[in-house]
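In the text below, chain A, chain B and the rest are named by the order of the sequence lines, each starting its count at 1.
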There are 2 protein chains.
Amino acid sequence: MDTNPQRISAAESEVMKVLWADSPKPAEDVLAILAKDHGWAEGTVKTLLNRLLKKGAIAADKDGRRFLYRPLVGREDYVDSESQGLLDRLFDGRLAPLVSHFSKREKLNPEDIAELRRLLDKIDDDQ
Amino acid sequence: MDTNPQRISAAESEVMKVLWADSPKPAEDVLAILAKDHGWAEGTVKTLLNRLLKKGAIAADKDGRRFLYRPLVGREDYVDSESQGLLDRLFDGRLAPLVSHFSKREKLNPEDIAELRRLLDKIDDDQ
DNA sequence: AGCCAACGATTACGCGTGTAAACGAATTGT
DNA sequence: ACAATTCGTTTACACGCGTAATCGTTGGCT
C-alpha cells in the first residue's frame, strides 16, 4: 500500500539531496554531510531518514550490520512537482509570467538572458 | 516590533489574494468570497485574518462598527520571495535551469516558447 | 433600558515538522 | 563472555497550520 505520493518536507528534501547526489549511502555518511552543511544532530537525521522510509520516498537495503539508503522518488519528479506547484499557485501554471516577474524585479542580468535565449534555440533545434 | 517579514502560509495567501484583488474590504466580503471559492467557515476566515494581522501582513482600519482590511505586504513582494525561494532551493537561484527542466519534461509547447522569446526581446529593447 | 445581532478576540485541537533524546538490539573488541 | 560501541527504533515536545467553535463586547432596535 502507499500508492499515494506523500509530500517531502523541506528538511527531508535536504536528506534527499544528499542521496540524489550519490547513493546508496549508509546513514553515517548522510549524517556526516548534513552535520557539516546544516549542523544537524544525529537524531535529527535518523528521524528524517525514517520519515522518508515511511513515506516511501527512499528505500533501505541491508548491507551487513547496517543499511544503505537510496532514493525511490526521483529528483526530477520532486523538482517537477515543486515547481509546477509554484507555477500553478502564482503564475497561472505558465512559465512566461514567472520570467516576466523576474524581469520586472530586475533579477535578470544580460548573461541570464543570453542563457535563456540559447536554451530556447536549443529546444527549437531538438524539435 | 515586528520588523521581520513573517511567512505567509498557503491558506493565508488565499486571504491575501482576495485583498490584493480589491481592498480595503470588510471581513464579511472576504468571507463571502472564500466561503464560495473554498467552502471555508466564518471562523476559519476570521482566524486567518487575525493571524495575518499579527504577522503584519495586513492592516485593519476601523470603519464605524467594523474593520476594513487591506494588505501591507505587496503581492509582488510575496510572489517574489516565494519564487526566489524555490529557485534557490531547487535551481541554484537561477531561472535558466528551471526553464531547462520544464523543457526536458516536455512542458513547453511552441506557443510558450514563442512567448518567452518575445519576452526576452522586449527586455532587450527596454535596456 | 434591555435584548439581539454582528463582529472581533480567544480558545481548541489534531497533524506535520523541526529538532532531538532515550531505548534496545546487535556486533565487535578485550 | 562481557562490555562498549554502533545502529536503528521509539518516544518527546514545541510550534505552525488548517479548521473551527465559543466568548465577549458593542451598537442598534423595540
Side-chain angles (χ1 to χ4, degrees), chain A residues 2 4-19 24-70 73 78 81-82 85 89, chain B residues 2 4-19 24-70 73 78 81-82 85 89:
Chain A
D2 212 76
N4 52 331
Q6 295 233 191
R7 164 123 194 115
I8 292 171
S9 81
E12 286 160 2
S13 80
E14 293 301 316
V15 175
M16 294 303 286
K17 260 186 208 170
V18 172
L19 294 178
K25 262 187 171 39
E28 193 187 357
D29 290 12
V30 178
L31 168 60
I33 293 174
L34 293 174
K36 181 161 138 334
D37 290 4
H38 297 278
W40 286 348
E42 189 181 346
T44 302
V45 176
K46 300 276 186 75
T47 298
L48 294 173
L49 283 171
N50 261 309
R51 287 180 182 167
L52 287 168
L53 273 173
K54 288 227 171 79
K55 289 182 182 184
I58 64 176
D61 312 300
K62 191 149 240 158
D63 173 55
R65 52 187 272 72
R66 52 176 79 191
F67 282 97
L68 296 182
Y69 298 89
R70 69 189 151 88
V73 170
Y78 171 72
S81 68
E82 290 290 303
R89 274 189 302 123
Chain B
D2 214 75
N4 50 332
Q6 295 231 193
R7 163 120 196 121
I8 293 171
S9 80
E12 286 160 3
S13 80
E14 293 301 316
V15 175
M16 294 303 287
K17 261 186 207 170
V18 172
L19 294 177
K25 261 188 172 42
E28 193 186 356
D29 291 12
V30 177
L31 168 59
I33 294 173
L34 292 175
K36 182 160 136 338
D37 290 3
H38 298 278
W40 287 348
E42 190 182 346
T44 302
V45 176
K46 299 278 185 71
T47 298
L48 294 173
L49 283 170
N50 261 310
R51 286 182 183 166
L52 287 167
L53 273 173
K54 289 227 171 79
K55 291 183 182 184
I58 65 178
D61 312 301
K62 192 150 238 158
D63 172 53
R65 51 188 276 70
R66 52 175 80 188
F67 283 97
L68 296 182
Y69 297 89
R70 68 185 153 88
V73 170
Y78 171 72
S81 68
E82 290 290 303
R89 274 188 302 121

Can you tell which of [options] lies closest to the side chain of [X]?
X        : options                  : answer
Ala11(A) : dG8(C), dG18(C), dC7(D)  : dG18(C)
Thr44(B) : dG8(C), dA20(C), dA20(D) : dA20(D)
Thr47(B) : dT17(C), dC7(D), dA21(D) : dA21(D)
Ala41(B) : dA21(D), dG27(D), dT6(D) : dA21(D)
Ala27(A) : dG8(D), dT6(D), dG27(D)  : dG8(D)
Trp40(A) : dA20(D), dA20(C), dG8(C) : dA20(C)
Lys46(A) : dC17(D), dG8(D), dA21(D) : dG8(D)
Arg65(B) : dA20(D), dG27(D), dC7(D) : dG27(D)

Distance check needed: [N] [atom2] versus [X] [atom1], whole Å only.
X        : N       : atom1 : atom2 : result
Asn50(B) : dA12(C) : CG    : P     : 16 Å
Leu52(B) : dA9(C)  : CG    : P     : 13 Å
Phe67(B) : dT26(D) : CZ    : P     : 11 Å
Asp63(B) : dA6(C)  : CG    : P     : 17 Å
Lys62(A) : dT27(C) : NZ    : C1'   : 12 Å
Leu48(A) : dT17(C) : CG    : C1'   : 9 Å
Leu49(A) : dG8(D)  : CG    : P     : 8 Å
Leu68(B) : dC7(C)  : CG    : P     : 11 Å

| Would Arg7(A) and Glu82(A) pass as an ion pair if we require N to O under 4.0 Å? |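 Yes, charged N to carboxylate O under 4.0 Å.
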For a quick test of reading the model, state the closest non-hydrogen atom pair linking [X] to [Y] and the distance between them.
X        : Y        : value
Ser13(B) : Ile8(B)  : N-CG2, 3.7 Å
Glu14(B) : Leu34(B) : O-CD2, 4.0 Å
Arg66(B) : Pro26(B) : NH1-CB, 3.5 Å
Asp61(B) : Arg70(B) : OD2-NE, 2.7 Å

| Is a donor-acceptor contact shorter than 3.5 angstrom present between the side chain of Arg51(B) and the base of dG18(D)? |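 In this structure, the two groups form a donor-acceptor pair.
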| Are OP1 or OP2 of dG16(C) and a side-chain N or O of Lys54(A) less than 4.0 angstrom apart? |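 Indeed not, no polar side-chain atom of Lys54(A) lies that close.
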| task | Mind telling me whether His38(A) and Trp40(A) have parallel, tilted or perpendicular rings, with 30° and 60° as the class edges? | result |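 Plane angle under 30°, so parallel.
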| query | For Ser9(B), which contact category applies under a 4.0 Å heavy-atom criterion: base, sugar-phosphate, or nothing? | reply |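 Sugar-phosphate, backbone atoms only, no base.
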| request: Using a 4.0 Å heavy-atom cut-off across all strands, classify Ala60(A) as base, sugar-phosphate, or nothing. | output: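 If one applies the 4.0 Å heavy-atom cut-off, Ala60(A) turns out to touch nothing in the nucleic acid.
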| message | Please compare Gly43(B) and Gly64(A) by the position of their nearest nucleotide in DNA chain C and report the one closer to 5'. | response |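 Per heavy-atom nearest nucleotide, the more 5' residue is Gly43(B).
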